[in-house]
Protein chains: 2
Amino acid sequence: MASQRGEGETTTTPLEPADRERARAIPEAAVARLAVYLRVLSGMADQGVNAVSSEELSQAAGVNAAKLRKDLSYIGSYGTRGVGYDVEVLVSHIERILGLTRNHSVAVVGIGNLGHALANYGGFPGRGFPVTALFDVDADLIGVPVGGIPVNHIDEITAICLEREVSIGVIATPPPAAQSVCDRLVSAGVQCILNFAPVVLQVPDNVEVRKVDLAVEMQILSFHVARRADEAASVSVDNNGLGVDGMVIRP
Amino acid sequence: MASQRGEGETTTTPLEPADRERARAIPEAAVARLAVYLRVLSGMADQGVNAVSSEELSQAAGVNAAKLRKDLSYIGSYGTRGVGYDVEVLVSHIERILGLTRNHSVAVVGIGNLGHALANYGGFPGRGFPVTALFDVDADLIGVPVGGIPVNHIDEITAICLEREVSIGVIATPPPAAQSVCDRLVSAGVQCILNFAPVVLQVPDNVEVRKVDLAVEMQILSFHVARRADEAASVSVDNNGLGVDGMVIRP
DNA sequence: CCGACTTTGTGCATCCGTTCACAAGCGGTA
DNA sequence: TACCGCTTGTGAACGGATGCACAAAGTCGG
C-alpha cells in the first residue's frame with residue numbers, strides 16, 4: 001500500500017520500515033517458494049523474456065497460480081493488472097527481500113566427501129554465497145586448498161569466523177562431531193546453520209538451523225514405495241491378477 | 001484399536017489391512033518426523049536403553065511431546081500407559097510403516113562432485129538403501145568403479161534399472177540434463193526420485209519427487225540473516241547505539 | 001485388593017497455510 | 001472519453017496440522 005511506486009528507487013539495499021514489517025510476516029513456506037520463483041525468473045530474464053503472467057510463472061515453478069500471487073503479494077504489489085509482472089522488477093524485489101543484495105560469507109566444516117563437494121561448488125549455485133573458510137580435524141587436510149580455499153583446523157573456527165565475518169555455517173561432519181561443531185559456530189557469532197549431519201542440533205533461540213537429511217529423505221521415499229506396493233497388492237487382489245506385468249499406468 | 005496386541009506377531013513384513021488404511025492417512029510431515037524418531041530410537045537401542053517416555057523421546061527429537069504421541073498414534077498404540085514405550089518394539093513398528101523391512105535399490109545419475117559423495121556414502125546412512133547403479137555421460141567415467149560400483153553410460157538407464165529393480169532414482173546432474181534424466185528414469189519404471197538439481201521436474205502423477213535444493217536452503221538462511229540484521233538495525237535506532245560491538249546475546 | 005501416581009492416547013480448539021472467487025485496476029480500442 | 005477484456009491482489013472459506021488438556025489405563029507399594 002505505502003510506497004507502491006516510489007519514484008525511481010528500484011534497488012534500495014536497506015529495507016524500508018514497511019518492507020521490514022512485511023518480511024516478518026512472510027510464512028516460511030512462502031520464502032522457500034520465492035527462492036524458486038527467483039530462479040525461474042532469472043532463467044527467463046537470461047532468455048530475454050520481459051513480462052510474465054502469474055499463470056505462466058506458476059506453471060514453470062510447479063505451483064498453483066493463486067498461491068503464487070499470494071506469495072508475491074507478501075512482498076508488495078509489483079504487478080500490473082491486465083498485463084502481468086515485469087521480470088526484471090520482480091527479480092530485484094525478490095532478491096531484496098531474500099537479502100541477496102549483500103554477500104553472505106559461508107564456512108564449511110567437515111571436509112569429507114560431502115564437504116569436498118560443497119567446497120567445490122565454488123560460491124554456491126546462484127552465487128552471492130562465497131565460501132570463505134573450510135575446517136576439519138584431519139591433520140593431513142590442514143593447509144590443503146579445496147576449491148581454492150585452504151583448510152583450517154577446527155580449533156580456529158571462532159577466530160576465523162569472526163575475522164571473515166561468516167554469516168552461514170555449513171556442517172558436513174560425521175554425526176558425533178556435529179553438536180560440538182555447532183556450539184563452536186554459535187559461539188563464533190554464526191546465527192544461521194545448514195546441517196547435513198543426521199543429528200538433531202540443540203541451539204539457542206536466536207540461531208536459525210535448517211537441516212538437509214538424506215536418510216530422512218530416503219525413508220520418506222521408502223514410505224511411498226511401500227504404500228504404492230501395498231496399494232498395487234490390494235488392487236491385484238480386488239480385480240484378480242490384472243496389472244501385474246511390467247508397465248502399470250495409473251491415471 | 002483392532003489388533004492392539006496381536007499375540008506374538010512383532011515383525012510381520014507385509015502390512016495388514018488395518019495398517020494399510022492407517023498408512024494412507026499419515027500426514028507427510030509426520031512421516032518425516034517418524035524417520036527422525038527412528039534414528040533417535042536406534043541410537044538409544046545401541047546404548048542399551050529399553051524403555052522411553054514420550055517426554056524424553058520428544059526432547060531428543062526436538063519436538064513437542066504431544067505431537068510426538070500423536071505421530072506415534074498414527075501407526076498404532078504401542079505404548080504402555082504409566083510406563084512409556086519399549087524402544088525395540090517402536091523401532092520395529094516404525095521400520096515396518098516406513099517400508100524399511102525391504103531393501104530399496106538406489107541408482108545415482110550424474111557422477112560429479114555430489115554424485116561421487118553420494119555413491120561413496122555406500123548404502124546410505126541408516127542402511128537399507130544399497131546403491132546398485134551409477135550413471136553418467138562422461139566417457140572417461142564409464143566403467144570406473146565409484147564406491148565399489150562401476151559407472152554405466154546414461155543410455156543404459158532403462159535396461160539396468162529394470163534389471164536391478166531400482167526403486168529410487170537420485171538425480172545429481174547439472175540442471176539442463178535433469179528433466180531428460182528424470183524422464184528416462186520414469187520410463188524405466190522408477191516411481192520415486194530424489195532430485196538435487198536446481199530444477200522443477202515435471203512428472204506424471206504416479207511418480208513421487210522430493211527435492212534437495214542447496215540454493216533454496218541458502219537463500220532461506222539469507223532471508224533470516226537479513227531479517228535479523230534489520231531487526232538489529234531498528235533496535236540500535238530505538239535505544240541509541242547499544243549492542244553493536246561483538247557479542248550480542250538476545251534471550 | 002486397593003488407592004495413588006504416572007504416562008499414554010485422543011477429542012477439541014486454535015492457528016497457519018492453501019484455495020477459491022471476485023472486485024479493482026489497467027491497457028487497448030473505437 | 002468511454003467501454004471491453006484481461007490479470008492482479010485479496011477477503012473469505014476451507015483444510016490440515018499443532019498444541020492443550022483430560023480421561024483411560026497401566027504400574028507400584030502397601
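Naming: A, B, ... by sequence-line order, numbering from 1 per chain.
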In whole angstroms, the gap separating P of C:dG17 from CG of A:Leu34 amounts to 13 Å
Separation of D:dT8 atom P from A:Leu90 atom CG, nearest Å, is 11 Å
When rounded to whole Å, the OH to P distance for the pair B:Tyr74 and D:dT18 reads 7 Å
Taken to the nearest whole Å, CG/A:Leu72 to P/D:dT8 is 9 Å
Between CG of A:Asn64 and P of D:dG9 the distance, given in whole Å, is 15 Å
State whether A:Tyr85 places a side-chain N or O below 4.0 Å from either non-bridging phosphate oxygen (OP1 or OP2) of D:dG9.
yes
Any donor-acceptor pair under 3.5 Å between the side chain of B:Lys70 and the base of C:dG9? no
Among C:dC22, D:dT18, C:dG9, the one nearest any side-chain atom of B:Ser77 is C:dG9
Heavy-atom closest pair (B:Ala45 atom, B:Val87 atom, distance to 0.1 Å) is CB-CG1, 3.9 Å
B:Val83 has its side chain closest, among C:dC20, D:dT27, C:dT18, to D:dT27
By nearest-heavy-atom nucleotide on DNA chain C, the more 5' of A:Glu28 and A:Ala66 is A:Glu28
Rounded to whole Å, the NZ-C1' distance (B:Lys67 to C:dC15) equals 12 Å
Using only heavy-atom distances, determine whether the side chains of B:Glu56 and B:Ser53 contain a donor-acceptor pair under 3.5 Å.
yes
Note: A:Tyr78 and A:Leu90 closest approach over all heavy atoms is CB-CD1, 4.4 Å
Side-chain N or O of B:Arg33 closer than 4.0 Å to phosphate OP1/OP2 of D:dT18: yes
Crowding at CD, B:Glu88 (>12 non-hydrogen neighbours, <6.0 Å)
no
Between A:Val36 and B:Val216 the two heavy atoms that sit nearest each other are CG2-CG2, 4.1 Å
| request: Please state whether the base of D:dT7 and the side chain of A:Arg81 form at least one donor-acceptor pair under 3.5 Å? | output: no
To the nearest angstrom, the CZ-P distance between B:Arg69 and D:dA21 comes to 12 Å
Between the CD atom in A:Glu55 and the CG atom in A:Asn64, the distance rounded to the nearest 0.5 Å is 8.5 Å
Rounded to whole Å, the CG-P distance (B:Leu68 to C:dT10) equals 14 Å
Here the residues of residues 47-61 of chain A within 4.0 Å heavy-atom distance, strictly under, of DNA chain C are none
Under a 3.5 Å cutoff, is there a donor and acceptor pairing between the side chains of A:Arg96 and A:Thr101?
no
